[in-house]
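Just so you know, these numbers use all the heavy atoms, side chains as well, and skip hydrogens, waters and symmetry mates.
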Amino acid sequence: MNSQTQRLILQGEVGEIEALRDEPMAPSRGVAVVAHPHPLFGGTMDNKVVQTLARALVQCGWSVVRFNFRGVGASAGTHDAGQGEAQDFLRVVEQVAPEGPLALAGFSFGSFVASHALAALWGQRTVEKVVFVGTAASRFTVANVPLEAHERTLVVHGEQDDTVPLSAVMDWARPQSLPVTVVPGGAHFFHGQLPLLKSLVVRHLNA
């Protein structure tokens, strides 16, 4: 993202995990871990939506770690349909944020993975902020958001998402009474609307 971006090699369940860390200008509020979209369809930690999430978090004072799922870039292993990726997400949290304030974010497949990480961590750790964008609810079983975490959670989806229909996200959110922020005319990758996405995330983080 900038000259201050630090490259990390972390340890996952099946070997090394390639990661990047960005620091805010002011003292950090805590650590945020961000997960990228589906690795079999070109998803990496350099995805534009992932970078937008990282920039919003850094702007709001968070240290941000994004990482490549197994089999992507220099990360070891092969794609594991979300189960191994969720284990690796938790391993990343253990290494970069063993204590203190924590935020979780994900885009598309990354939101599905982050949802299961949130479910595993809730009750053990204080997760202060959660951001799910383009949640892949039509393709995977996304974990429910704990009721106590609803006010800390932002779910953003594009009205015209042709990868994950908005209806699928509403079907996931409705039984939970979990609000969904809909971007009018928005597509899956928020082309031309990344500044709007960033402003929505910043507003949530500063609330």
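- Note that the CG atom of L53 and the CH2 atom of W62 stand 14.0 Å from one another [nearest 0.5 Å].
- R66 contributes no side-chain N or O that, together with a main-chain N or O of H36, makes up a donor-acceptor pair within less than 3.5 Å.
- Relative ring orientation between F89 and F67 is described as perpendicular, the plane-to-plane angle rising above 60° on a 0-90° scale split at 30° and 60°.
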Side chain to side chain contact (heavy atoms under 4.5 Å, CB included), that's the test. Do L178 and W172 meet it? Break it down for me.
CA-CA 9 Å; L178 179 66; W172 165 71; 3.6 Å; yes

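- V93 and V14 fall into different hydrophobic clusters, where Ile, Leu, Val, Met, Phe, Trp and Tyr side chains are chained together by heavy-atom contacts under 4.5 Å.
- Heavy atoms from other residues, nucleotides or ligands lying under 6.0 Å from CD of E151 number 12 at most.
- At a threshold of 4.5 Å between side-chain heavy atoms, the hydrophobic network of Ile, Leu, Val, Met, Phe, Trp and Tyr places F107 and V131 in one connected group.
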Please walk me through it: do I17 and Q95 pass side chain to side chain contact (heavy atoms under 4.5 Å, CB included)?
CA-CA 11 Å; I17 295 176; Q95 292 166 81; 5.6 Å; no

For the pair D46 and L20, evaluate side chain to side chain contact (heavy atoms under 4.5 Å, CB included) and give the outcome as yes or no after the intermediate values.
CA-CA 9 Å; D46 293 318; L20 296 172; 3.9 Å; yes

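- By the rule that hydrophobic residues join a cluster once side-chain heavy atoms approach within less than 4.5 Å of another member, V180 and V130 end up as members of one cluster.
- Looking at F69 and V113, their side chains come closer than 4.5 Å, going by heavy atoms from C-beta outward.
- When atom types are taken as modelled, the side chain of K129 and the backbone of A32 share no donor-acceptor pair closer than 3.5 angstrom.
- The shortest heavy-atom contact between P175 and D171 is CD-O, 3.1 Å.
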Applying side chain to side chain contact (heavy atoms under 4.5 Å, CB included), run through R21 and T5 and close with a yes or a no.
CA-CA 6 Å; R21 183 174 183 132; T5 300; over 6 Å; no

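- Going from atom CD of E85 over to atom CG of N68 covers 11.5 Å, rounded to the nearest 0.5 Å.
- Atoms CD and CG, from Q59 and L205 in turn, are 9.5 Å apart once rounded to the nearest 0.5 Å.
- The closest side-chain heavy-atom distance from L200 to Q193 is not below 4.5 Å.
- Atom CG of D88 sits about 10.5 Å away from atom CD of E94, to the nearest 0.5 Å.
- Taking 4.5 Å as the limit, some side-chain heavy atom of P37 sits within range of a side-chain heavy atom of V50.
- Counted by atom type alone, H116 and Q83 present zero donor-acceptor pairs between their side chains at under 3.5 Å.
- Nearest heavy atom pair, residue G158 against residue L166, reads O-CB, 4.2 Å.
- Between F109 and F140, the ring planes lie perpendicular to each other; the angle is over 60°, past the 30° to 60° tilted range.
- Judged purely by atom type and a 3.5 angstrom limit, R70 uses its side chain to pair as donor or acceptor with the backbone of G84.
- The two residues V142 and S115 have their closest heavy-atom pair at CG1-OG, 3.4 Å.
- Using the six-membered ring where Trp is involved, H38 and H79 have ring planes that are tilted, between 30° and 60° apart.
- Shortest non-hydrogen contact noted between A136 and V164 is CA-CG2, 3.8 Å.
- In terms of modelled atom types and a separation under 3.5 Å, the side chain of Q51 and the main chain of K48 share no donor-acceptor contact.
- The same ILVMFWY cluster, assembled from side-chain heavy atoms under 4.5 Å apart, contains both F112 and L118.
- Taking both residues in full, the closest heavy atoms of V65 and A19 are given as CG1-CB, 4.2 Å, listed atom of the first, atom of the second, then distance.
- Two different hydrophobic clusters hold F132 and V156 under the rule that ILVMFWY side chains link at heavy-atom gaps under 4.5 Å.
- Of the possible donor and acceptor atoms, none in the side chain of H157 sits under 3.5 Å from a partner among the backbone N and O of M170.
- Of the possible polar contacts, one joining the S111 side chain to the V133 backbone as a donor-acceptor pair under 3.5 Å is found.
- Distance check: E23 CD to S28 OG gives 6.0 Å after rounding to the nearest 0.5 Å.
- With hydrogens and angles left out, the side-chain atoms of H188 and S108 include a donor and acceptor closer than 3.5 Å.
- Not one N or O on the side chain of Q176 forms a donor-acceptor pair closer than 3.5 Å with the backbone of N144.
- Within the 4.5 Å cutoff, side-chain heavy atoms of L194 are placed close to those of V49.
- Not one N or O on the side chain of D161 forms a donor-acceptor pair closer than 3.5 Å with the backbone of G186.
- Expressed to the nearest 0.5 Å, how far OG1 of T181 lies from CG of L197 amounts to 10.5 Å.
- Neither side chain, E18 nor S75, offers a donor N or O lying under 3.5 Å from an acceptor on the other.
- Listed here is the closest heavy atom pair of P179 and S177: CD-O, 3.5 Å.
- Taking a 6.0 Å sphere around CZ of R125, one finds it holds more than 12 heavy atoms contributed by other residues, nucleotides or ligands.
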Could you go through D22 and R55, starting from their C-alpha distance and side-chain angles, then the distance that decides it, and tell me whether this counts as salt bridge (charged side-chain N to carboxylate O under 4.0 Å, His left out)?
CA-CA 9 Å; D22 289 284; R55 288 191 179 100; over 6 Å; no

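- Between the side chain of R29 and the main chain of C60, a donor-acceptor pair closer than 3.5 Å is present.
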